[in-house]
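Every chain is numbered from 1 and lettered A, B, ... according to where its sequence line falls, protein lines coming before strand lines.
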Protein chains: 2
Amino acid sequence: MVKESSVPEVVILRLPLYIRALSQMSAEGKTVISSKSLGSRLQITPAQIRKDLSYFGRFGKQGRGYTVDSLIETLTNILGLDRRWNSCVVGVGRLGKAIINYPGFVPEGFKIISAFDNDVNKIGQSVNDIKILPMNMIRSTVEKHDIKIAILAVPATSAQNVITELVDTDIKAILNYAPIAPKVPPTLILRNIDPVLSLQSMTYYLQ
Amino acid sequence: MVKESSVPEVVILRLPLYIRALSQMSAEGKTVISSKSLGSRLQITPAQIRKDLSYFGRFGKQGRGYTVDSLIETLTNILGLDRRWNSCVVGVGRLGKAIINYPGFVPEGFKIISAFDNDVNKIGQSVNDIKILPMNMIRSTVEKHDIKIAILAVPATSAQNVITELVDTDIKAILNYAPIAPKVPPTLILRNIDPVLSLQSMTYYLQ
């Protein structure tokens with residue numbers, strides 16, 4: 001089962017941004033920072049940052065700011081990013097291949113272990129040393145390799161069906177690249193990557 | 001210049017979601033819907049939906065709900081989605097190619113017109129009938145084809161420099177696939193597509 005949480009989801013969504021900004025500041029040699037300087041980098045108000053962090057206890061001292069490295073470590077622990085998360089890619093078209101070859105996952109602890117497709121011409125081929133397996137092997141493969149995350153790169157028309165297949169496996173989180181908003185049961189976490197939504201929220205400012 | 005707005009950006013970010021859900025409901029034959037049924041589909045509270053829409057005037061009648069097609073049309077006009085937006089891709093690696101070939105943009109009014117790369121081995125080649133041009137042709141090409149949107153698929157190490165080059169062109173909106181949060185001047189709109197951030201906001205629930 002997926003963990004219940006009393007922390008609002010929008011707060012959880014911001015924590016990775018905090019970690020990233022803090023890591024940049026740490027790399028720049030900063031050891032202590034204020035909520036104002038962190039907020040300025042992220043275009044989030046200092047009050048919002050203080051409120052978000054308050055869900056997880058007391059950080060920093062009044063007027064002294066936050067210790068950068070210790071805040072990074074705490075947030076990393078809170079999000080469960082102090083371990084490796086095995087992942088798989090479902091759908092190995094152009095996008096799926098780009099995802100498998102994307103170098104940004106491993107340094108952050110996300111390792112793509114397996115790839116699945118239902119195209120018999122692709123099954124058995126390898127992408128970046130990962131062999132493409134048939135869809136009917138998802139359940140056993142996911143169990144064997146302790147894979148909890150599936151990255152979905154199938155066409156929009158297949159996404160909902162694939163998700164229905166994933167419900168019966170050990171997959172607990174889905175990162176969906178298909179341009180639809182699929183329905184998932186409460187036992188699954190879903191994030192949609194959707195370039196069209198992002199584009200549509202920019203044109204408002206261009207008129 | 002980019003339009004100033006008194007509407008909170010988070011509200012603008014939700015409007016495309018409303019349009020998409022309403023379009024699905026329209027396709028299902030629904031003509032009038034309540035904020036409750038729209039909210040249920042999007043996992044957003046009815047009060048939030050009513051508040052968001054209130055920024056743009058009065059929609060629906062007390063207890064009668066919203067007329068689906070007329071709300072779609074109004075939101076489409078508000079976001080400037082009743083026209084075509086010419087776009088370009090900067091960086092034509094595996095990801096850039098997947099983006100150029102992505103069939104989901106054109107039906108939503110976003111047409112990729114040009115592609116740019118600084119790799120001499122790629123310049124002159126074509127992807128999906130779009131010829132890859134050298135970076136020094138961005139400014140003139142963007143002007144000639146009325147391109148306002150750039151989709152960035154360059155490595156993280158190049159993203160900030162490319163954005164600096166774009167500041168002096170007619171590009172006003174950037175959809176950034178590079179896994180960094182680049183700084184942009186207030187004359188540019190930026191949206192980051194970042195799979196790692198999405199993954200990092202899911203692991204919290206998996207522990």
Would you mind checking which part of B/Ile174 comes under 4.5 Å of any heavy atom in chain A, side chain (CB onward), backbone (N, CA, C, O), both or neither? backbone
Who among B/Arg20, B/Lys183, B/Arg83, B/Lys97 has the most heavy-atom pairs with chain A under 4.5 Å? B/Arg20
B/Arg41 and B/Glu28 ion-paired at < 4.0 Å: yes
Chain A contact via B/Asn77 - side chain, backbone, both or neither, heavy atoms under 4.5 Å: backbone
Relative to chain A, which segment of B/Leu15 carries a heavy atom at a distance below 4.5 Å: side chain, backbone, both, or neither? neither
Tell me whether A/Arg14 is salt-bridged to A/Glu9, with the criterion being a basic N under 4.0 Å from an acidic carboxylate O. no
Taking every non-hydrogen atom, the tightest pair across B/Ile171 and B/Ala173: CG2-O, 3.6 Å
Is a side-chain donor-acceptor pair under 3.5 Å present for A/Tyr177 with A/Asn192? no
For residues B/Thr169 and B/Arg139, is any side-chain donor paired with an opposing acceptor at under 3.5 Å? no
Under 4.5 Å from any heavy atom of chain A, what part of B/Leu190 do you find: side chain, backbone, both or neither? backbone
Regarding A/Asp69 and A/Ser26, is there a side-chain donor-to-acceptor distance under 3.5 Å anywhere? yes
Under a 3.5 Å cutoff, is there a donor and acceptor pairing between the side chains of A/Gln48 and A/Asp52? yes
Heavy-atom pairs under 4.5 Å with chain A: which of B/Leu17, B/Asn101, B/Ile149 has the most? B/Asn101
Measuring heavy-atom distances to chain A, does B/Ile193 have an atom under 4.5 Å in its side chain, in its backbone, in both, or in neither? side chain
Considering only heavy atoms and a distance below 4.5 Å, find which of A/Gln24, A/Lys148, A/Glu108 pairs most often with chain B. A/Glu108
Go through B/Leu199, B/Ile99, B/Leu95 and name the one with the most non-hydrogen pairs under 4.5 angstrom from chain A. B/Leu199
Greatest number of heavy atom pairs closer than 4.5 Å to chain A - which of B/Val196, B/Ile19, B/Leu13: B/Val196
